[in-house]
J.: 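Would you mind keeping the following structure in view while I ask a few things?
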Amino acid sequence: EIKWQDVPPKFIKGAQIAVLLGDPEKAGMFIIRFKLPANYKVAPHTHPKQEHVTVLRGGLAIGMGTKVDMTTPVMPPGTFFDTPANKPHFVFTKEETITEVSGMGPFELTYLHPEDDPSRPHSH
């Protein structure tokens with residue numbers, strides 16, 4: 001039985017995460033799943049380590065670069081991506097999507113533009 005919970009504050013609310021193997025906050029192998037709602041977006045970011053992403057349901061657009069390009073093709077279930085360490089990329093969905101992400105922890109995500117980080121306090 002997969003236990004879904006809300007995503008950490010680094011992600012925009014609305015998505016869910018399930019840890020299948022390991023602990024993404026610690027060193028070592030991890031496998032997690034993300035359940036992303038329709039029209040969900042993760043702004044351009046990097047990870048310090050390589051990650052492997054498989055689309056399980058719905059469709060995921062994943063594009064390399066420092067700006068979100070909404071013309072990036074949405075990849076169907078079964079698609080596998082390899083996101084290299086420290087290479088800027090972004091993702092978005094058009095329908096509810098489930099992805100599986102594996103890699104070596106700790107899982108870290110750094111936004112290229114600090115204002116895109118939902119966990120950052122906004123100054124007014």
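Since this is a predicted model, take the numbers as computed values, not measurements.
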J.: Any side-chain heavy-atom pair from V91 and K41 closer than 4.5 angstrom?
T.: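 Answer no - side chains too far apart.
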
J.: Write down the atom of P48, the atom of A85, and the distance for their closest heavy-atom approach.
T.: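 Closest pair (atom of P48, atom of A85, distance): O-CB, 3.4 Å.
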
J.: Specify the closest pair of heavy atoms between P88 and L112, including all atoms of both residues, with the distance to one decimal.
T.: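 That would be CB-CD2, 3.7 Å.
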
J.: Is any side-chain heavy atom of E96 closer than 4.5 Å to a side-chain heavy atom of P37?
T.: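 They are not in side-chain contact.
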
J.: Using a strict threshold of under 4.0 Å (side-chain N to carboxylate O), is an ion pair present between R120 and E115?
T.: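 Here E115 does not pair with R120 in a salt bridge, since their nearest N and O are not under 4.0 Å apart.
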
J.: Kindly give the heavy-atom pair with the smallest separation between P106 and K49, and that separation in Å.
T.: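 Shortest heavy-atom separation between P106 and K49 comes out as CD-NZ, 3.4 Å.
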
J.: Do any N or O atoms from the side chain of H89 and from the backbone of K87 form a donor-acceptor pair under 3.5 angstrom?
T.: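 Indeed, once roles are kept as given, a pair shorter than 3.5 Å links the two residues.
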
J.: Would D6 and K13 pass as an ion pair if we require N to O under 4.0 Å?
T.: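 Result for this pair is no, no salt bridge flagged.
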
J.: For I12, is there any backbone N or O sitting under 3.5 Å from a side-chain donor or acceptor partner on Y40?
T.: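 At least one qualifying donor-acceptor pair exists.
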
J.: For R33 and L56, run side-chain contact (heavy atoms from CB on, under 4.5 Å): C-alpha distance rounded to whole Å, both residues' side-chain angles, the deciding distance at 0.1 Å, then the answer.
T.: CA-CA 9 Å; R33 286 190 182 169; L56 300 180; 3.4 Å; yes

J.: Look at the side chain of K94 and the backbone N and O of A38, then say whether any donor-acceptor pair between them is shorter than 3.5 Å.
T.: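 Between the backbone of A38 and the side chain of K94 there is no qualifying donor-acceptor contact (under 3.5 Å).
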
J.: Spell out, as yes or no, whether a donor-acceptor pair under 3.5 Å connects the side chain of T99 to the backbone of V53.
T.: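 No, T99 side chain to V53 backbone: no donor-acceptor pair under 3.5 Å.
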
J.: Rounded to the nearest 0.5 Å, what separates atom CD in Q50 from atom CG in N86?
T.: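 One gets 11.5 Å once the value is rounded to the nearest 0.5 Å.
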
J.: For residues L109 and L36: do they belong to one hydrophobic cluster (side chain heavy atoms under 4.5 Å, members Ile, Leu, Val, Met, Phe, Trp, Tyr)?
T.: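 Yes; L36 is reachable from L109 via cluster members.
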
J.: Start with the C-alpha distance between H52 and F80, add both sets of side-chain angles, then the distance that settles side-chain contact (heavy atoms from CB on, under 4.5 Å), and finish with yes or no.
T.: CA-CA 7 Å; H52 314 287; F80 174 82; 3.6 Å; yes

J.: Enumerate donor-acceptor pairs with a distance under 3.5 Å from any side-chain N or O in residues 16-31 to protein atoms, sequence neighbours excluded.
T.:
unit_1: D23; atom_1: OD1; unit_2: E25; atom_2: N; d: 2.9
unit_1: D23; atom_1: OD2; unit_2: K26; atom_2: NZ; d: 3.2

J.: Would you please indicate if the ring centroids of H47 and F107 are separated by under 6.0 Å?
T.: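 Between H47 and F107, the centre distance is under 6.0 Å.
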
J.: Does any N or O in the side chain of T93 come within less than 3.5 Å of the main-chain N or O of N39, such that one atom is a donor and the other an acceptor?
T.: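 Between the backbone of N39 and the side chain of T93 there is a qualifying donor-acceptor contact (under 3.5 Å).
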
J.: Might you point out which heavy atoms bring A43 and H45 nearest each other, and give the distance in Å?
T.: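 Heavy atoms of A43 and H45 come nearest at O-ND1, 2.8 Å.
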
J.: Main chain of K10, side chain of Y111: is a donor-acceptor contact present, judged purely on distance under 3.5 Å?
T.: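 Side chain of Y111 to backbone of K10: a pair is present.
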
J.: In residues 61-77, what donor-acceptor pairs under 3.5 Å come from side-chain atoms, sequence neighbours left out?
T.:
unit_1: D69; atom_1: OD1; unit_2: T71; atom_2: N; d: 2.9
unit_1: D69; atom_1: OD1; unit_2: T71; atom_2: OG1; d: 2.5
unit_1: D69; atom_1: OD2; unit_2: T71; atom_2: OG1; d: 3.2
unit_1: T72; atom_1: OG1; unit_2: D69; atom_2: O; d: 2.6

J.: Does anything in residues 2-26 pair up under ring pair (Phe, Tyr, Trp, His ring centres under 6.0 Å), and if so which pairs, sequence neighbours excluded?
T.: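 The answer is F11-F34.
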
J.: What about V55 and F90, same hydrophobic cluster or not, with Ile/Leu/Val/Met/Phe/Trp/Tyr joined at side-chain heavy-atom distances under 4.5 Å?
T.: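 No, V55 and F90 fall in different hydrophobic clusters.
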
